[in-house]
Amino acid sequence: MYVLSEIKEKFVAEVERGLEELGAEPRGLERLVAKPPRPEMGDLGISLFKYAKELGLKPHELAGRLAERLKIEGVKEVKVIGGYINIVIDINAVARRILEEALAEGYGSWSFSGRVVVEHTSANPIHPLHVGHARNMFLGDSLARILRNYGHEVQTRFYINDMGRQVAILVYGLLKMGRLLPPEGEKPDHWYGKVYSVSNTLVELASAVRRGDEEAKKEWEEVLKELEGKWPEVVRALKDKITPETDHEKEISNLMKRYEEGDEEVKKAFRTVTENVLRGFRETMRRVGVEVDKWDWESDLVWSGDVSKIIELAKRKGLLKVKEGALVMEFDEVSDELRRLLRIPKGLEIPPLVLVRSDGTTLYTTRDIAYTLKKFEEFKADKVINVIASEQRLPQIQLRLALWYLGFKEYAQNLIHYAYEMVSIPGMKMSGRRGRMVTLDWLLDEAERRVRELVEGRSEAEEPERVIKAVAAGSIKYAMVSVSAQKPITFRWEDVLNFERNSAPYLQYTHARAKGILRKGGEPDLNKASFEKAEKYKHLLIMIAEFPEVAKRAAEGLEPERIAVYLNQLADSFNEFYHREPVAKEEDEGLRHLKLAIVKAIANVLRRGLWLLGIEAPERM
RNA sequence: GCCCCCGUAGCUCAGCCAGGAAGAGCGCGGGCCUUCGGAGCCCGUGGCCGCGGGUUCAAAUCCCGCCGGGGGCGCCA
């Protein structure tokens, strides 16, 4: 247990006991603990208005009575202000413990047991990773780290969605082109992305012509022109192969059917292509230091029979209806109670879920049911977190309902859709289908270029290139992870590449600066430190002591942005301190060791906190 | 049309879940380059917390309605 948490717990327990003795029923008192608005009012306070009313006492009077016998180790004063009871921490007495804790390697970690699967990124293997995937990936990676730090066993998984229509369109185009592999020297996912959007556009165009839909025809002709301007050779290679003479939609459906049935030739084509796209994904992920523990093929779930077992079970339970040749599950009357359990909005109408198409093939959500079981069962997970865009809220709800009705009630309740909003770019409508996207690779190149420019000639790092990569990746990660997931992000270069405060580079710089002081001033020795002089650095010490609680709350609420906000405040306070006080040059030995210990503790917290966000903290920059 | 999310300083956002004296960054104006790393520091500027009701001793925070922005309502994912 960390000092500050301990003091807080005792404070709550004592006040609780006092209230009980007076006849009140203090439930959830710890929620009323707050930091007073001004430091001179104390370090922690509890508001008592609620209980004053319950007991028929004046708030101030109640606070006074409770304060009288409040005795907590590490607390030097109890203040009664209005209806609050506030405590003043005796920082001289607890500074040593704060610093001992903060200098330890695993500072901020907890040991709350639990097993969690985090599925993230899971991009369609048809084009390179773009800014939207980046948000998904960085959120997922950070959540995994935050939960591990909380004490949970975490497994991260990437779902390879190789059975969707989009992969089929890509493979179809490639087969028409007569080549499955990318040209030498071109990053595979980028090349496939071009082929995909050109194929998709030609297919859409052909269909529009066949339907006689003039409007759509015009629209897709424009897209084609745009693509021709960007990638003439790809358009040239496909233009005469995908024309309105053929019903391509049907051929693509046929291709999907053959893949689902496990046709060897088709299987080989799909697998080769997908593997190669994934090769590109892995390269990008290596660049940003994100790893996943397991890669799961959607197709394996079909071939292994897991998906048909689900359908059989649904049939046996009488959950399926035949509707125009398709098998569907309906959710007409979902009780309020079930909605509450599965976190489904009250007024939401839930359309039927098609599990099997009329041609006998299955759909994404069908396979996702099988996949969810696999995730829970293989890892014996208590919880599964799916990091998936909020636009997929409805299918995720249908998934939970399907699980519930199939009898997997625990899983349905413990399946969490961690929804995040879109990343938009001003003046640009992103669309993979139309080949319009800002890729993560490009973003990283650009960020690295800018960092290199900035660092040029003034870096103190031994390996400037490594630092450039860490800072570039960090700045993008920070932009994605420091905004709460439920807010849309408008991606602007001037914000992401602003390396001033409130950015990863600022935190990294502050960390490197602290390390620089330690190189000059030497290692702190707590046995030589004058803790009786800690009062002056109380603000910093308390902030250091708050880190574990911040990490805990971030884990409990799945809120990486809390870490970002906290680290920023810590860095601000440290920089103020740095300009005010000499550390390495401090002549008073005891004081120097105290300050060095504070600096080292801050460096440690910054490093650990950045790690929770998936951001590296170089020693020098 | 129905449903979900968001709306806090000129801009980008914390704070809202668990009600208890409005916060950062950017921008803008002014200062700090002989002292441990200027990606920094100091001073100043800036808000009927979208609007209207309600609950409460107390509302940015909870409830209802409206307005504005985004997303969803496919045998796509």
Side-chain angles (χ1 to χ4, degrees), chain A residues 28 30-34 36-38 41 45-50 52-53 59 82-84 122 124 161 164-166 253 323-328 344-359 361-365 368 388-395 397 419 421-422 424 433 451 454-455 458 460 471 479 482-490 492 494-495 498-503 505-510 512-521 556-557 559 561-562 564-566 568-569 571-572 575-586 595 599 620-621:
Chain A
E30 70 276 0
R31 288 180 195 160
L32 290 173
V33 181
R38 287 197 304 263
M41 295 164 76
I46 295 180
S47 126
L48 296 166
F49 296 93
K50 199 166 142 191
K53 199 180 178 194
Y84 291 89
S122 301
N124 245 325
N161 179 211
R165 190 172 189 84
Q166 289 174 301
S253 298
K323 236 178 145 183
E324 293 166 46
L327 295 180
V328 306
I344 301 169
K346 269 194 176 178
L348 182 64
E349 254 179 72
I350 305 147
L353 175 64
V354 178
L355 291 182
V356 183
R357 291 190 183 96
S358 42
D359 69 358
T361 56
T362 51
L363 287 98
Y364 179 85
T365 311
D368 211 5
I388 297 179
S390 70
E391 52 183 3
Q392 289 191 46
R393 187 158 264 137
L394 188 55
I397 284 170
E421 288 294 329
M422 299 278 96
S424 65
R433 293 175 184 232
V451 178
L454 184 77
V455 162
R458 59 182 181 123
E460 296 180 14
V471 172
S482 61
V483 176
S484 81
Q486 58 191 357
K487 292 212 176 168
I489 289 182
T490 305
R492 291 189 183 83
E494 60 269 33
D495 294 340
N498 165 18
F499 296 162
E500 294 175 34
R501 307 155 82 140
N502 198 5
S503 70
Y506 171 63
L507 300 176
Q508 290 169 317
Y509 179 79
T510 304
R513 177 186 245 180
K515 286 291 190 168
I517 294 174
L518 293 167
R519 278 191 295 273
K520 285 234 161 59
E556 286 165 352
E559 298 162 312
E561 69 272 20
R562 270 186 198 284
V565 170
Y566 164 80
N568 229 320
Q569 286 169 357
D572 288 348
N575 281 316
E576 267 168 51
F577 160 81
Y578 162 85
H579 279 271
R580 214 177 50 224
E581 298 262 348
V583 177
K585 290 180 181 168
E586 172 60 57
K595 289 184 187 175
V599 172
R620 299 169 198 256
M621 281 173 75

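In what follows, chains are A, B, ... by sequence order, proteins preceding strands, each numbered from 1.
Among the atoms of the strands shown, base atoms are found under 4.0 Å from some heavy atom of A:A512. Residue A:P37 is in base contact, counting any heavy-atom pair closer than 4.0 Å across all strands shown. Contacts of A:V583 with the nucleic acid, taken as non-hydrogen atoms under 4.0 Å apart, include base atoms. Residue-level contact check: A:P59 touches neither bases nor backbone, having no heavy atom under 4.0 Å from any strand. Contact annotation for A:L454: base contact, defined as any heavy-atom pair under 4.0 Å involving a base atom. A:E581 comes within 4.0 angstrom of a nucleotide base, judged by non-hydrogen atoms across all strands. Base engagement by A:E324 is indicated by at least one non-hydrogen atom pair under 4.0 Å involving a base atom. No contact: A:D359 has no heavy atom under 4.0 Å from any strand. No contact: A:S390 has no heavy atom under 4.0 Å from any strand. At a threshold of 4.0 angstrom between heavy atoms, the contacts of A:F499 include nucleobase atoms, whether or not backbone atoms are also involved. Across all strands shown, A:E500 has heavy atoms under 4.0 Å from sugar-phosphate atoms exclusively, and none from any base. When heavy atoms are screened at a 4.0 angstrom cut-off, A:R492 is found touching the sugar-phosphate backbone but no base atom. At a threshold of 4.0 angstrom between heavy atoms, the contacts of A:V356 with the nucleic acid are absent.
At a cut-off of 3.5 Å, with distance as the only test, a side-chain donor of A:Y506 or A:D572 sits close to an acceptor on the other residue.
Partner assigned to B:G1 is B:C73, using Watson-Crick or G-U wobble distances below 3.5 angstrom. In this structure B:G27 sits in a base pair with B:U45, meeting the Watson-Crick or G-U test at under 3.5 Å.
Remark: the separation of the P atoms in B:C17 and B:G7 is 13 Å, to the nearest Å. A gap of 44 Å separates the C1' atoms of B:G29 and B:G54, to the nearest Å. Distance check on atom P: B:G27 versus B:U12 gives 15 Å, rounded to whole Å. Look at the C1' atom in both B:G38 and B:U61: the space between them is 40 Å, to the nearest Å. Across B:G69 and B:C43, the matching C1' atoms stand 38 Å from one another, rounded to whole Å. Of the P atoms belonging to B:C67 and B:G52, the separation is 15 Å, rounded to the nearest Å. Atom C1' of B:C5 sits at a distance of 34 Å from the matching atom of B:U45, rounded to the whole Å. Across B:A60 and B:C28, the matching P atoms stand 32 Å from one another, rounded to whole Å.
Atom NZ of A:K595 is separated from atom C1' of B:C36 by 11 Å (rounded to the nearest Å).
For the atom pair A:L353 CG and A:L327 CG, the distance stands at 11.0 Å (nearest 0.5 Å).
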